[in-house]
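Computed from a prediction, not measured in an experiment: that's the story for all the values here. Numbers here are sequence positions counted from 1. Order of listing sets the numbers, starting from 1, for every ligand and every atom in it.
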Amino acid sequence: MLVAPSILSANFGRLDEEIKAICGAGCDFVHVDVMDGHFVPNLTIGPVVVGAAAKVSSKPLDIHLMVENNTFFTELFAPLKPKYLSFHIEEEKHPHRLIQKIKSYSISPAIVLNPHSPLSSIEYILEEIDMVLLMSVNPGFGGQSFIPSSLKKAERLRKMIDSAGLKTLIEVDGGINDKNVYDLKNAGVDIVVAGNYVFGSPSYKNAIDSLRV
Ligand code: DX5
Ligand code: ZN
């Protein structure tokens, strides 16, 4: 299992130290939650702060956009060269076009599905993306409880990807800890995002290691 701590639960007063700490503790990606106060009822950080974070990170960024205007935000964050740039399918009228735009910056495109969104909504563009991010909480806040139906969804997505002969990765985000990570592993998930679990732990290394099942 690959591990992407979400800096939403970090201490923003000393963000550089927090990022260095999770990178030093062996995370695989640094998950960055970008919220615009419109698509979700919360507001986080923009390219100035994320750019500063990128400078101190020794691990690739995994940027999760939770915004209304995906094209505008893609153009804002593309110069930071994240490994993944994820956008929500619920908020995009032209996902295929946006995917091509993200690829034009040599960034790996990913699509995010809210808990209610069906897998069928990405059936015909699955081959165009490198990762699917399944939300296992309603987006907007850290520290919420894992929604159990996310597990069945991950299992079905795994079958969908495998039967199409694709290499698309599955990432799951929200309410993940050292207990439910085993079920996610069995469901065929590749990457877990964890905010509160990692940053709320006295040892970031122990927390990250416990998710690497
Ligand atoms: C929620 C964010 C998540 C969140 C995860 O909108 O996308 O990345 O910070 O935090 P935990 O692990 O605390 O649920
Ligand atoms: Zn996220």
Self-check item: atom 9 (O) of ligand 1 - nearest protein heavy atom and its distance
Solution: Ser6 OG, 3.1 Å
Practice problem: Please write down residue, atom name and distance for the protein heavy atom closest to atom 6 (O) of ligand 1. | Solution: Gly140 N, 2.7 Å
Quiz item: Do Lys159 and Glu155 meet the salt-bridge criterion of a basic N to acidic O distance under 4.0 Å?
Solution: no
Practice problem: Looking only at protein heavy atoms, identify the closest one to atom 13 (O) of ligand 1 and say how far it is in Å. | Solution: Gly143 N, 2.8 Å
Quiz item: Which of the atoms in ligand 1, numbered in the order shown and given with their element, are less than 4.0 Å from a heavy-atom of His31?
Solution: 8 (O)
Self-check item: Atoms in ligand 1 with a heavy atom of Val193 nearer than 4.0 Å
Solution: 8 (O)
Quiz item: Of all residues at least two apart in sequence or in a different chain, which pass the side chain to side chain contact (heavy atoms under 4.5 Å, CB included) check with Ser57?
Solution: Ile19, Cys23, Val30, Lys59, Leu61
Quiz item: Who's the nearest protein heavy-atom neighbour of atom 3 (C) of ligand 1, and how far?
Solution: Asp173 OD1, 2.9 Å
Quiz item: Taking only residues two or more places apart in sequence, or in another chain, which ones meet Glu75 in a side chain to side chain contact (heavy atoms under 4.5 Å, CB included)?
Solution: Thr71, Lys101, Tyr105
Self-check item: Same apolar cluster: Leu169 and Val181, side chain cutoff 4.5 Å
Solution: no
Quiz item: Looking at Pro82 and Phe77, what are the two nearest heavy atoms and their distance?
Solution: CD-O, 3.8 Å
Exercise. Identify which one of His94, Glu92, His88, Lys93 satisfies the side-chain hydrogen bond (donor to acceptor under 3.5 Å, both in side chains) criterion when paired with Asn70.
Key: Glu92
Self-check item: Contacting atoms of ligand 1, where contact means under 4.0 angstrom from a heavy atom of Gly174
Solution: 14 (O)
Quiz prompt | Polar atom proximity, Val137 to ligand 1 (N or O, under 3.5 Å) | solution = no
Quiz item: Under 6.0 Å from the CZ atom of Phe72, do we count more than 12 heavy atoms belonging to anything else shown?
Solution: no
Exercise. Please say whether Gly175 places an N or O atom under 3.5 Å from an N or O atom belonging to ligand 1.
Key: yes
Quiz item: Are any of the N or O atoms of Met35 closer than 3.5 Å to those of ligand 1?
Solution: no
Quiz prompt | The single option from Ile99, Ile63, Val67, Thr74 passing side-chain contact (heavy atoms from CB on, under 4.5 Å) against Phe87 | solution = Ile99
Quiz item: Which of the atoms in ligand 1, numbered in the order shown and given with their element, are less than 4.0 Å from a heavy-atom of Asn196?
Solution: 11 (P), 12 (O), 13 (O)
Self-check item: Gly195-ligand 1 polar pair, N/O distance under 3.5 Å
Solution: yes
Quiz item: Which ligand 1 atoms are under 4.0 Å away from a heavy-atom of Met135?
Solution: 7 (O)
Quiz prompt | Phe199/Leu8 under side-chain contact (heavy atoms from CB on, under 4.5 Å): CA gap, chis, key distance, verdict | solution = CA-CA 9 Å; Phe199 286 98; Leu8 187 60; over 6 Å; no
Quiz item: Quick one: does ligand 1 sit under 4.0 Å from the side chain of Leu8, the backbone, both or neither, non-hydrogen atoms only?
Solution: side chain
Quiz item: Less than 3.5 Å between some nitrogen or oxygen of Asn138 and one of ligand 1, yes or no?
Solution: no
Quiz item: Which protein N, O or S atoms lie under 2.8 Å from the Zn ion (ligand 2), given by chain and residue number?
Solution: His31 NE2, Asp33 OD1, His64 ND1, Asp173 OD2
Self-check item: Exercise: do Tyr197 and Ser210 side chains pair donor with acceptor under 3.5 Å
Solution: yes
Quiz prompt | Single-linkage hydrophobic cluster Val34~Ile111, side-chain heavy atoms < 4.5 angstrom | solution = yes
Quiz item: Would you call Phe141 a ligand 1 contact, heavy-atom distance under 4.0 Å?
Solution: yes
Quiz item: Going only through I, L, V, M, F, W and Y residues with side-chain contacts under 4.5 Å, is there a path from Ile22 to Leu15?
Solution: yes
Quiz prompt | Min N/O separation His64 to ligand 1 under 3.5 Å | solution = yes
Identify every side-chain donor-acceptor pair in residues 124-135 under 3.5 Å, counting partners at least two apart or on other chains, and give the distances.
unit_1: Glu128; atom_1: OE1; unit_2: Gln100; atom_2: NE2; d: 3.4
unit_1: Glu128; atom_1: OE1; unit_2: Lys103; atom_2: NZ; d: 3.1
unit_1: Asp130; atom_1: OD2; unit_2: Ser108; atom_2: OG; d: 3.3

Exercise. Please say which of Leu211, Ile191, Leu184 ends up in a side-chain contact (heavy atoms from CB on, under 4.5 Å) with Met1.
Key: Leu184
Quiz prompt | For Ala194, atoms of ligand 1 separated by under 4.0 Å from a heavy atom | solution = 12 (O)
Quiz prompt | Numbering as shown, the atoms of ligand 1 that approach Pro139 to under 4.0 Å (heavy-atom distance) | solution = 6 (O)
Quiz item: Heavy-atom count around Arg212 CZ within 6.0 Å, excluding the residue itself: above 12?
Solution: yes
